[in-house]
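Remarks on the structure that follows.
Order of the sequence lines sets the chain letters (A, B, ...), proteins ahead of strands, with each chain counted from 1. Not measured: the values here are computed from a predicted model.
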2 protein chains.
Amino acid sequence: MTRQHTENQDLFAIADLAKEFGISTRAIRFYEAKGLLSPERVGATRVFRRRDRARLILILRGKRLGFSLRDISDYLSLYDADRSQQVHLLVGKVEERLASLERQRDDLETTIAELREIRELAVAPPTRSRSQAAG
Amino acid sequence: MTRQHTENQDLFAIADLAKEFGISTRAIRFYEAKGLLSPERVGATRVFRRRDRARLILILRGKRLGFSLRDISDYLSLYDADRSQQVHLLVGKVEERLASLERQRDDLETTIAELREIRELAVAPPTRSRSQAAG
DNA sequence: CAACGGTTTGACGTTAACGTAAGCTCGTGA
DNA sequence: TCACGAGCTTACGTTAACGTCAAACCGTTG
């Protein structure tokens with residue numbers, strides 16, 4: 001099950017994914033329990049395919065962005081619904097999320113700019129009153 | 001204490017700030033307990049100044065960006081330390097945070113792009129095999 | 001065959017960020 | 001004067017996202 005000698009391009013054990021992404025197997029099982037992943041089973045053992053791996057990548061990115069698993073679940077469903085039905089509702093959700101993300105990006109830009117400013121101030125020698133730094 | 005008749009430009013009651021930013025007074029007290037705010041007191045009553053209000057704005061932005069109060073606390077300390085001491089350590093922290101935020105921004109760009117793509121696909125009529133959408 | 005590593009399902013523990021309720025003080029307007 | 005609204009502290013409750021055992025089941029390797 002360590003994938004080394006099975007040489008299979010498309011099948012992953014839970015430990016493979018855990019190691020690859022630096023998370024615990026517990027976390028992966030938790031994501032499954034929450035419906036974010038649905039690996040196949042061979043007996044009782046979970047078997048993950050590329051699709052699950054791809055979803056896991058999206059999950060982790062969502063987490064880096066500060067979203068809850070609930071949010072990420074909704075987000076993943078946008079991928080699942082291959083424009084099959086309830087398109088209006090889907091587009092609505094996407095728009096919502098886009099707006100939220102764009103606002104978040106603005107917050108980020110502002111914060112990054114402020115940090116850069118702080119850095120400049122910190123690096124510059126402590127200017128005293130009307131003095132001027134020499135080139 | 002409702003600020004209406006005190007007409008003071010620089011003093012805020014806890015309820016003023018709570019209302020202005022749409023959060024609970026409990027949350028504000030919690031931030032104080034965690035050391036993110038340190039309003040003055042008149043008797044037992046908290047009195048906030050512009051400085052506290054400014055910090056609160058930073059706190060809320062940090063939260064929108066998905067940071068923990070612990071993180072935000074560190075972040076606020078970057079503002080406090082007016083390039084007075086331990087500049088290297090300070091710059092180090094700023095660099096760290098900048099890197100993290102820039103990565104987060106990249107994640108955001110990617111996600112936004114993907115959502116836009118999903119939206120296009122959803123809006124476009126369900127293409128069947130080799131057909132082509134008419135202009 | 002027995003130990004070992006990997007996997008499974010519980011189930012309880014933990015941390016963060018408040019919510020909520022209780023009980024008390026203080027200033028004020030009818 | 002007294003009821004009210006606002007504020008305070010203390011303290012227990014709650015949700016999310018796992019961490020951390022515990023107990024048991026393979027498959028294989030020395």
Near-strand residues of residues 61-73 of chain B, defined as heavy-atom separation under 4.0 angstrom from DNA chain D: none
Backbone of B:G66 reached by a side-chain donor or acceptor of B:Q104 within 3.5 Å: no
Test salt bridge (Lys or Arg N to Asp or Glu O under 4.0 Å) applied to B:R29 - qualifying residues, sequence neighbours left out: none
Non-neighbouring partners of A:R103 that pass side chain to side chain donor-acceptor pair (under 3.5 Å), sequence neighbours left out: none
Residues within residues 30-37 of chain B bordering DNA chain C, heavy-atom distance below 4.0 Å: B:F30, B:Y31
Partner residues of B:E32 under the side chain to side chain donor-acceptor pair (under 3.5 Å) criterion, sequence neighbours left out: B:R41, B:R46
Five-pair end axes of the helix from C:dC1-D:dG30 to C:dA30-D:dT1, angle between them (10°): 20°
Integer-rounded Å distance: C:dG5 C1' and A:K19 NZ: 13 Å
Rounded distance in Å - CD (B:E40) to P (D:dG7): 17 Å
Salt bridge (Lys or Arg N to Asp or Glu O under 4.0 Å) partners for A:R105, two or more places apart: B:E109
Listed partners of B:R49 passing salt bridge (Lys or Arg N to Asp or Glu O under 4.0 Å), at least two apart: B:D10, B:E40
Filtered N/O pairs between nucleotides 8-12 of chain D and protein, under 3.5 Å:
{"from": "D:dC8", "atom 1": "OP1", "to": "B:R46", "atom 2": "N", "distance (Å)": "3.0"}
{"from": "D:dC8", "atom 1": "OP1", "to": "B:R46", "atom 2": "NH1", "distance (Å)": "2.8"}
{"from": "D:dC8", "atom 1": "OP2", "to": "B:R29", "atom 2": "NE", "distance (Å)": "3.0"}
{"from": "D:dC8", "atom 1": "OP2", "to": "B:R29", "atom 2": "NH2", "distance (Å)": "2.8"}
{"from": "D:dC8", "atom 1": "O5'", "to": "B:R46", "atom 2": "NH1", "distance (Å)": "3.3"}
{"from": "D:dT9", "atom 1": "OP1", "to": "B:R41", "atom 2": "NH1", "distance (Å)": "3.2"}
{"from": "D:dT9", "atom 1": "OP1", "to": "B:R41", "atom 2": "NH2", "distance (Å)": "3.4"}
{"from": "D:dT9", "atom 1": "OP2", "to": "B:R46", "atom 2": "NH1", "distance (Å)": "3.0"}
{"from": "D:dT9", "atom 1": "OP2", "to": "B:R46", "atom 2": "NH2", "distance (Å)": "2.8"}

All side chain to side chain donor-acceptor pair (under 3.5 Å) counterparts of A:E114, not counting sequence neighbours: B:R61, B:Y75, B:Y79
By side-chain contact (heavy atoms from CB on, under 4.5 Å) - contacts of B:S68 (at least two apart): B:R70, B:D71
By side chain to side chain donor-acceptor pair (under 3.5 Å) - contacts of A:D106 (at least two apart): none
Nearest heavy atoms of A:D52 and A:V47, plus distance in Å: OD2-O, 4.3 Å
Value in whole Å for how far the P atom of D:dA17 lies from CG of A:L60: 13 Å
